[in-house]
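Working notes, beginning with the structure itself.
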Protein chains: 2
Amino acid sequence: MNKINLTAQRKAVLEAVQYDDGHPTAAEVMERLREQGQQFAYATVYNSLKYLTDVGLLRELKLGEAASRYDARVDDHHHIVCKQCGRVDEVLSPTPDEWITAVEKATNYKVSNSHVVFEGVCGTCAQHKV
Amino acid sequence: MNKINLTAQRKAVLEAVQYDDGHPTAAEVMERLREQGQQFAYATVYNSLKYLTDVGLLRELKLGEAASRYDARVDDHHHIVCKQCGRVDEVLSPTPDEWITAVEKATNYKVSNSHVVFEGVCGTCAQHKV
DNA sequence: TATAAGATTTATACTAAATCTAAATATAAA
DNA sequence: TTTATATTTAGATTTAGTATAAATCTTATA
Ligand SMILES: [Mn+2]
Ligand SMILES: [Mn+2]
Ligand SMILES: [Zn+2]
Ligand SMILES: [Zn+2]
């Protein structure tokens with residue numbers, strides 16, 4: 001059961017994440033809402049992000065920056081961050097199974113998932129060579 | 001040149017990380033120093049960890065927890081976290097080159113490095129089955 | 001409809017991790 | 001020694017996020 005209760009605030013927060021392809025932070029979600037004239041309490045945005053993550057409509061990303069980012073794409077995937085402009089793109093290629101098997105053997109862990117962050121320079125930044 | 005200036009404080013902090021195989025946080029370093037009767041200012045521990053990281057004697061790890069962890073092993077490697085007991089172990093098997101190549105092709109990035117955190121259950125926890 | 005129960009939102013206080021500031025110390029150079 | 005430079009320190013500040021409790025909204029029930 002456990003029907004998802006999408007209040008106006010939660011819907012607005014969800015849409016703010018969905019229409020920002022760049023994996024926004026809570027602060028960026030706030031900003032976008034404010035731009036639209038839809039301002040909610042700080043805590044409401046956090047509560048909503050947490051709720052939406054709990055019910056599986058969003059994923060929280062910890063990419064090694066100070067603030068968490070949120071992703072409307074909830075299927076399992078990784079990310080790549082441009083060291084120059086900071087943009088975050090999708091990496092849909094999954095962690096190779098043979099690698100996971102090798103890691104399990106070497107560490108004596110049973111691996112349930114993996115989070116990968118690639119770092120590099122995006123196509124755009126590569127062109128606008130410094 | 002740029003000789004490394006290992007003050008007493010920095011040396012103590014470095015050793016605290018080296019003799020803790022578990023990738024300690026700044027707070028855990030503080031704690032260990034206090035146990036040894038060597039207590040420094042909060043800021044000194046942070047300054048030292050930053051200095052030691054900058055000169056390459058330590059690596060800072062962001063494993064998705066609130067606090068950074070520090071690693072005396074500075075060669076390139078990954079980590080695996082036990083979901084049950086929280087221990088952090090080394091993953092020495094490097095990211096497969098073919099995978100990196102595939103990701104570069106798919107994303108149009110030039111990848112310079114990758115950070116991988118595996119999650120699972122360690123051998124010890126697997127035995128003490130819940 | 002009226003009323004109560006439950007859920008959500010809000011403002012505010014609070015916490016944890018880390019950084020900043022500026023004075024006090026220590027170390028090195030002249 | 002005197003001066004300059006680097007480091008340490010205590011405490012204030014910042015940032016991201018959580019906790020609390022009152023206010024509001026929504027739903028269920030008499
Ligand atoms: Mn994504
Ligand atoms: Mn390590
Ligand atoms: Zn870029
Ligand atoms: Zn374990």
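So you know, we letter chains A, B, ... as the sequences are listed, proteins then strands, and number each from 1.
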When the distance from [atom1] of [X] to [atom2] of [N] is rounded to whole Å, what number comes out?
X       : N      : atom1 : atom2 : value
B:Gln9  : C:dA24 : CD    : P     : 18 Å
A:Arg69 : D:dG17 : CZ    : P     : 11 Å
A:Leu63 : D:dA16 : CG    : C1'   : 15 Å
B:Leu52 : D:dT7  : CG    : C1'   : 13 Å
A:Asn47 : C:dT12 : CG    : C1'   : 14 Å
A:Tyr42 : D:dA16 : OH    : P     : 6 Å
A:Lys3  : D:dA28 : NZ    : P     : 10 Å

(message) Between B:Arg87 and B:Asp89 (salt bridge meaning N to carboxylate O under 4.0 Å), is one present in this structure?
(response) yes
(message) Less than 3.5 Å apart, any donor N or O on the side chain of A:Ser68 or A:Glu60 sitting next to an acceptor on the other?
(response) yes
Below 3.5 Å between N/O atoms, which protein atoms pair up with nucleotides 27-30 of chain C? Just atom names and distances, please.
none

(message) Let me spell it out: for each of A:Ser68 and B:Gln39, pick the nucleotide of DNA chain D with the closest heavy atom. Which residue's pick is nearer the 5' end?
(response) B:Gln39
(message) Between B:Arg10 and B:Ala41, which residue's closest nucleotide on DNA chain D lies nearer the 5′ terminus?
(response) B:Arg10
Is the shortest side-chain N/O distance from [X] to OP1 or OP2 of [N] below 4.0 Å?
X       : N      : result
A:Asn5  : C:dT8  : yes
A:Thr7  : C:dA7  : no
B:Tyr46 : C:dT19 : no

(request) Name every residue in residues 12-31 of chain B that has at least one heavy atom under 4.0 Å from any atom of DNA chain D, in order of residue number, or write none if there are no such residues. (result) none
(request) Taking the side chain as every heavy atom from C-beta outward, state whether A:Asn108 and B:Cys122 have any atom pair closer than 4.5 Å. (result) no
(message) Strictly distance-based, threshold 3.5 Å: is any side-chain N or O of A:Glu28 a donor or acceptor partner for the main-chain N or O of A:Thr25?
(response) yes
(request) Output the single nucleotide from C:dT12, C:dT9, C:dT19 whose closest atom is nearest the side chain of A:Thr44. (result) C:dT9
(message) Let's go through A:Glu90 and A:His23 carefully: what are the C-alpha distance in whole Å and the side-chain angles of both, what is the deciding distance for side-chain hydrogen bond (donor to acceptor under 3.5 Å, both in side chains) to 0.1 Å, and is it a yes or a no?
(response) CA-CA 10 Å; A:Glu90 311 293 18; A:His23 306 89; 3.1 Å; yes
(request) Find the distance between CZ (A:Arg59) and CZ (A:Arg73) and round it off to the nearest 0.5 Å. (result) 10.0 Å
(message) Just to be sure I understand the rule, does B:Ala67 reach a base, reach only the sugar-phosphate, or reach nothing, if contact means heavy atoms closer than 4.0 Å?
(response) sugar-phosphate
(request) Answer with base, sugar-phosphate or nothing: what part of the nucleic acid does A:Phe40 contact at a heavy-atom distance below 4.0 Å? (result) sugar-phosphate
(request) Report yes or no: do A:Val29 and A:Val55 belong to one cluster of Ile/Leu/Val/Met/Phe/Trp/Tyr joined by side chain heavy-atom distances under 4.5 Å? (result) yes
(request) List the atom of B:Arg10, the atom of B:Ser48, and the distance in Å for their closest heavy-atom pair. (result) CG-OG, 3.7 Å
(request) Might you point out which heavy atoms bring A:Ala12 and A:Gln38 nearest each other, and give the distance in Å? (result) CB-OE1, 3.6 Å
Please tabulate, for the side chains in residues 91-104 of chain A, all donor-acceptor contacts under 3.5 angstrom to protein atoms that are two or more places apart in sequence or on a different chain.
{"from": "A:Ser93", "atom 1": "OG", "to": "B:Trp99", "atom 2": "NE1", "distance (Å)": "2.8"}
{"from": "A:Thr95", "atom 1": "OG1", "to": "A:His78", "atom 2": "NE2", "distance (Å)": "2.9"}
{"from": "A:Thr95", "atom 1": "OG1", "to": "A:Ser114", "atom 2": "OG", "distance (Å)": "2.8"}
{"from": "A:Trp99", "atom 1": "NE1", "to": "B:Ser93", "atom 2": "OG", "distance (Å)": "2.8"}
{"from": "A:Trp99", "atom 1": "NE1", "to": "B:Pro94", "atom 2": "O", "distance (Å)": "3.3"}
{"from": "A:Thr101", "atom 1": "OG1", "to": "A:Asp97", "atom 2": "O", "distance (Å)": "2.9"}
{"from": "A:Glu104", "atom 1": "OE2", "to": "A:Lys110", "atom 2": "NZ", "distance (Å)": "3.3"}
{"from": "A:Glu104", "atom 1": "OE2", "to": "A:Val111", "atom 2": "N", "distance (Å)": "2.8"}

